Amino acid sequence: LEGMFKRRSPDNVMLIAYTRAAADEAKERLVSLTDVSKSKADDRITTIHSMAMKYNNLGPKDIVEIRWSNDKYNFCNEVGLEYQFDNTSDDGEMLSAPDDQGHLLFDMLSWLKSKLKPPEEYTDCPLSSAWEYEDEKFVELAEEWEEYKNDKGIWEFDDAIMESVNNEDTVNAKELFIDEVQDLYPLQQAFIDNQFGHVDRIWLAGDDDQTIYEWAGAKPEYFLDMEG
């Protein structure tokens with residue numbers, strides 16, 4: 001990547017990192033190793049989440065996962081689902097059912113959206129056996145959550161990525177470097193698929209032995225089986 005930025009105009013190169021922390025580390029290294037400025041590095045090294053926010057003109061105050069509000073708690077309070085503030089799940093324990101139905105609802109909705117599946121197929125989710133209500137109730141709550149977000153003008157990260165996929169948004173670069181490809185889930189893969197044919201050259205970097213998001217549909221075959 002250092003060589004790419006040295007040999008080409010930074011405006012023609014872009015790196016998509018998997019996490020913000022990885023993007024920040026790459027920016028620091030690039031600035032220290034080349035004459036690329038900090039502002040230019042900020043522009044050319046990013047994440048899919050950040051790009052989706054940019055394409056949809058969204059800021060931190062618009063995103064459920066990062067805005068300073070209790071959107072999920074307030075929604076559950078309105079529809080009568082228990083939602084404990086201290087019941088937080090991390091990605092590494094995604095397939096462990098949470099203790100309350102509110103967190104379970106959102107965990108399953110996240111799984112479905114990441115896999116490009118509708119709420120009606122929620123029984124495909126490994127967590128579905130912990131759902132205590134009828135099938136119709138899950139679909140109803142899923143629709144109400146979407147209405148709740150629409151009424152308040154708020155988005156989840158995957159909503160923004162989905163909108164970018166549907167709009168076929170593409171990056172402004174001739175060469176695109178994508179890191180940690182083995183951990184891209186189907187929704188993110190769809191975003192990357194839209195770049196093929198638009199970008200002159202795409203570099204995919206990944207390690208099939210380090211896939212940690214298989215629960216969300218990440219499969220190393222996505223890039224291992226891809227023709228060069």
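Source: prediction; values computed, not measured.
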### Message
Check this for me: Trp203, atom CH2, are more than 12 non-hydrogen atoms of other residues, nucleotides or ligands nearer than 6.0 Å?
### Response
no
#### Entry: Greater than 12 external heavy atoms within 6.0 Å of Arg201's CZ
no
### Message
Whether the side chain of Asp100 engages the backbone of Gly102 through a donor-acceptor N/O pair (distance < 3.5 Å, no angle test) should be reported.
### Response
yes
### Query
So do Val171 and Tyr55 actually touch side chain to side chain, heavy atoms under 4.5 Å?
yes
### Query
Would you say Asp24 and Lys27 make side-chain contact, with heavy atoms under 4.5 Å?
yes
### Query
Is the number of heavy atoms from other residues, nucleotides or ligands under 6.0 Å of Arg20 CZ greater than 12?
no
### Task
Could you check if a side-chain atom of Asp159 sits within less than 4.5 angstrom of a side-chain atom of Val64, using non-hydrogen atoms only?
no
### Task
Evaluate the side-chain proximity of Leu15 to Met4: yes if any heavy-atom separation is below 4.5 Å, no if none is.
no
### Query
Should the pair Trp131 and Phe138 be assigned to parallel (<30°), tilted (30 to 60°) or perpendicular (>60°) ring geometry?
perpendicular
### Query
More than 12 non-hydrogen atoms from neighbouring residues, nucleotides or ligands closer than 6.0 Å to NZ on Lys174, yes or no?
no
### Task
Might you confirm whether atom CG of Asn172 has over 12 heavy atoms from other residues, nucleotides or ligands at distances under 6.0 Å?
no
### Message
In the structure I gave you, are the side-chain heavy atoms of Lys72 and Glu156 within less than 4.5 Å of one another anywhere?
### Response
yes
